[in-house]
Every structure is written in C-alpha cells, then in structure tokens.
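One structure is given here, and the rest of the page talks about it.
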There are 2 protein chains.
Amino acid sequence: MESTEDYVELIDDLIRTQGEARLVDLAERLGVSQPTAGKTVARLQRDGFVTSEPYRSIFLTERGKSLADAARERHDLVYRFLLAIGVSQDTAERDSEGVEHHVSEETLQAFQRIINSSDKA
Amino acid sequence: MESTEDYVELIDDLIRTQGEARLVDLAERLGVSQPTAGKTVARLQRDGFVTSEPYRSIFLTERGKSLADAARERHDLVYRFLLAIGVSQDTAERDSEGVEHHVSEETLQAFQRIINSSDKA
DNA sequence: GCCTGAATTTAGCCATGGCTCATCTTATAC
DNA sequence: GTATAAGATGAGCCATGGCTAAATTCAGGC
Ligand SMILES: [Mn+2]
Ligand SMILES: [Mn+2]
Ligand SMILES: [Mn+2]
Ligand SMILES: [Mn+2]
C-alpha cells in the first residue's frame, strides 16, 4: 500500500522531530481528518507496523521501522534526483511524494548515477 | 483518477490497433475481471469520458479522447526517459505505468531535456 | 431458424480510504 | 479537585476498485 509507506515514514519523522507521533499531527500533516488517520493507524497495527494503545502516542514495530527507513531512503533519493535534473524545490517535493511509490530498484540505481554525475560536474 | 487515465488510454489503443474496444480485452489487458472493467466503464460513462450501449463496444467522447492523448503522451515521455537513463525495457514499461500519473509538467520538461541531450550524444 | 459458447451484465460481497457528527478521555489551568 | 478544551474514538455514511457466481444476450455454425 502506498499509504502504508507514507504513514510509517511520517510516524518515524514525527518521533524524530517531535519526540512522539500523535494522531492529531499525523492527520494535520497528511491533510486528512483525525478519524481517517485513526482508522489507518488501526490498520497499520492490525498489519504489524505499529503499536498503539487508546489515547496514547504511536510507536513503530521493527517491521514498521524498516519499512519507514526504506521509504525515506527511496523518497530522499527521488527528491534529490529531481533537484539534480533541474526541477524546482516545490515541484520536487510534490512529485517525489507520488513517484517514490512507483520506482523499482533498477530505476533508483539509474537515478543515483545521475545524481553522482551531476555532483561531479 | 489514475485508473481513468489508464482506461481511456487503453480504450484509445484498442480502437487504433483492434478497430474497437471490447470489455473483454480491457479486462484482459488490465489484469482485471470483466465485471470490474464493466463497473469502471460505467463510471467513465457517468463522467463523460466514454459512451457505451449494452453489449456493444466502447467509444471515447471528445473529452475522453483528449485525456487519452494527454495520458499517452505523458506515458511515452516517461518511458523514453527511463530508457534514456539506462533502465531496461521491461522495467521502463512497468515503472512508467505508475510514474506517469505523478509527474508534473515541470518534471516532464526536465525529462525531455535529458532525452534530448542523450539523443545528441 | 436454432444451439451453443462467448461476452456482457446483475447481484452481492469485501477492503481501502475518505468524510461528518457525536461522544468520551485526558490533561491542564485554575 | 473540578471545569474545560484538546485529542481520540465511535458510529455511520460514501466512492473507488477489486472479486465470484449467476443470469442474460448475442453471434456464428450448423
Ligand atoms: Mn514519502
Ligand atoms: Mn508518498
Ligand atoms: Mn498509461
Ligand atoms: Mn498507468
């Protein structure tokens, strides 16, 4: 699921930057209502990506953490790639949010090569 | 909707290559059951992208045709771009099918520049 | 002209991902 | 200690996009 990746990535991000991941912040950052975020988190828990108890903040399981790490890595690479080929920061942010979910390892490697050669230049 | 684009693009394709777009071919090419394809075509009709009468083949409206054209153009450009940066044909086919729906005009232009310069080289 | 098999439609189910409105907890300010 | 406001849940709705099983229509072969 695409949204699974976006959620765990954001949960990880919130834990890093805010110390904890609250539903209200997930909802705000994702532009979604709190009940929607809640339902999705329930699914994430059912599928073993997070743990959460009523009225408490959300934690990633091992499984959630590795998915989050992989997702962030991919997201960052796509973002840096877009910048490297001359796309504006705003557009790179928007497009990478979608494209990240559809690029294979092989394509990511090609992106990496482009980044490398534009670094050198 | 992503699937709207995929459907009209494929309908256009079938009309070009097969002379007409039948539900059974849509379903087969999209890897989906016939009832699923049928329901989606009903939505396309409701939204003014196609016309269809019971048990007959499917036609694009003006609106459907221009969406199909735009979608194919974008799809092709993404595909050619992936080839240009060294991705294999198979992967380029798979990845372009997803990526096409998430690239802005600005990113497409950057892709085009890369294609151009690799053509020259 | 009818039989039969392929194509289509109908009915009914499910999961995901959205929403609003209402209710319930919890933490904090006083 | 309690009132209150913020945060979280619950209930109930909807659209999209998937499926299977069953019924219907249509076209080609005989
Ligand atoms: Mn992401
Ligand atoms: Mn994303
Ligand atoms: Mn396409
Ligand atoms: Mn596609």
Side-chain angles (χ1 to χ4, degrees), chain A residues 1-11 13-15 17-60 63-64 67-68 71 94 97-102, chain B residues 1-11 13-15 17-60 63-64 67-68 71 94 97-102:
Chain A
M1 223 66 40
E2 301 190 14
S3 95
T4 301
E5 293 187 347
D6 288 336
Y7 270 81
V8 296
E9 195 186 341
L10 178 52
I11 289 166
D13 202 53
L14 287 170
I15 290 173
T17 62
Q18 246 80 110
E20 63 174 349
R22 308 293 316 202
L23 215 44
V24 64
D25 300 311
L26 283 178
E28 196 265 319
R29 289 271 297 264
L30 293 166
V32 119
S33 73
Q34 264 169 245
T36 294
K39 228 194 324 185
T40 305
V41 167
R43 259 197 307 270
L44 293 180
Q45 181 160 37
R46 182 201 63 191
D47 297 339
F49 294 106
V50 306
T51 58
S52 81
E53 289 163 90
Y55 299 100
R56 290 219 176 65
S57 68
I58 298 143
F59 301 91
L60 291 171
R63 185 154 179 248
L67 183 58
R94 272 199 307 279
E97 190 57 69
V99 168
E100 58 168 341
H101 307 289
H102 301 276
Chain B
M1 223 65 41
E2 301 190 15
S3 95
T4 301
E5 293 188 345
D6 288 335
Y7 270 81
V8 296
E9 195 187 342
L10 179 53
I11 289 166
D13 202 53
L14 287 171
I15 290 173
T17 63
Q18 247 79 109
E20 63 173 349
R22 308 292 317 201
L23 215 45
V24 63
D25 300 311
L26 283 178
E28 196 265 320
R29 288 272 298 263
L30 293 166
V32 118
S33 73
Q34 268 171 241
T36 294
K39 230 196 320 189
T40 304
V41 167
R43 259 196 308 268
L44 294 180
Q45 180 160 37
R46 182 200 63 192
D47 297 338
F49 294 108
V50 307
T51 59
S52 80
E53 289 163 90
Y55 297 98
R56 290 216 178 66
S57 68
I58 298 143
F59 301 92
L60 291 172
R63 184 152 179 250
L67 183 57
R94 272 197 309 278
E97 190 57 69
V99 169
E100 59 167 341
H101 308 290
H102 300 276

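Lettering follows sequence order; numbering is per chain, from 1. From a predicted model like this one, the values you see are computed outputs, not experimental measurements.
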- line: Asp25(A) meets the side chain to side chain donor-acceptor pair (under 3.5 Å) criterion, sequence neighbours left out, with none
message: Counting C-beta onward and ignoring hydrogens, is there a side-chain heavy-atom pair between Glu97(B) and Asp6(B) closer than 4.5 Å?
response: yes
- request: Could you tell me the separation between the CD atom of Glu9(B) and the CG atom of Leu14(B), rounded to the nearest 0.5 Å?
  value: 11.0 Å
message: Nearest 0.5 Å, please: how far is CZ in Arg22(B) from CD in Gln34(B)?
response: 10.5 Å
task: Taking the side chain as every heavy atom from C-beta outward, state whether Asp47(B) and Met1(B) have any pair of such atoms under 4.5 Å apart.
output: no
message: Testing the basics here: between Ser52(A) and Ile58(A), what is the closest heavy-atom pair and its distance to 0.1 Å?
response: CB-CG1, 4.1 Å
- prompt: To the nearest 0.5 Å, how far apart are CZ in Arg56(A) and CD in Glu20(A)?
  reply: 11.5 Å
Sorted by number, the residues of residues 23-31 of chain A with heavy-atom contact under 4.0 Å to DNA chain D: Leu23(A), Val24(A)
- prompt: Of the non-hydrogen atoms in Glu100(B) and Ala71(B), which two are nearest, and what is the gap between them?
  reply: OE1-O, 3.9 Å
query: Only one of Leu44(B), Val41(B), Ile11(B) forms a side chain to side chain contact (heavy atoms under 4.5 Å, CB included) with Phe49(B), so which one is it?
result: Leu44(B)
- request: Rounded off to whole Å, could you give me the CE-to-C1' distance for the Met1(A) and dG18(C) pair?
  value: 15 Å
task: Enter the distance from His102(B):NE2 to His102(A):NE2 here, rounded to the nearest 0.5 Å.
output: 3.0 Å
- line: Interatomic distance, CZ@Arg46(B) vs OG1@Thr40(B), rounded to 0.5 Å, equals 10.5 Å
Shortest non-hydrogen separation from Leu60(B) to Ala68(B) and the atoms involved: CD1-CB, 4.2 Å
- request: Pull out every residue in residues 51-59 of chain B that has a heavy atom closer than 4.0 Å to any atom of DNA chain D, ordered by number, or say none.
  value: Tyr55(B)
- line: Per-helix bend value, the helix from dG1(C)-dC30(D) to dC30(C)-dG1(D), C1' rotation axes over five pairs per end, 10° rounding, shows 0°
- prompt: Between atom CG of Leu67(A) and atom OG1 of Thr4(A), what is the distance when rounded to the nearest 0.5 Å?
  reply: 7.5 Å
query: For DNA chain D, what residues of residues 38-48 of chain B have any heavy atom nearer than 4.0 Å?
result: Lys39(B), Arg43(B), Arg46(B)
- request: Mind listing the closest non-hydrogen atom pair of Ser57(A) and Ala21(A) along with its distance?
  value: CB-O, 3.3 Å
task: Walk along DNA chain D from 5' to 3' and tell me the first and last nucleotide with an atom closer than 4.0 Å to a non-hydrogen atom of chain B.
output: dT16(D) to dC26(D)
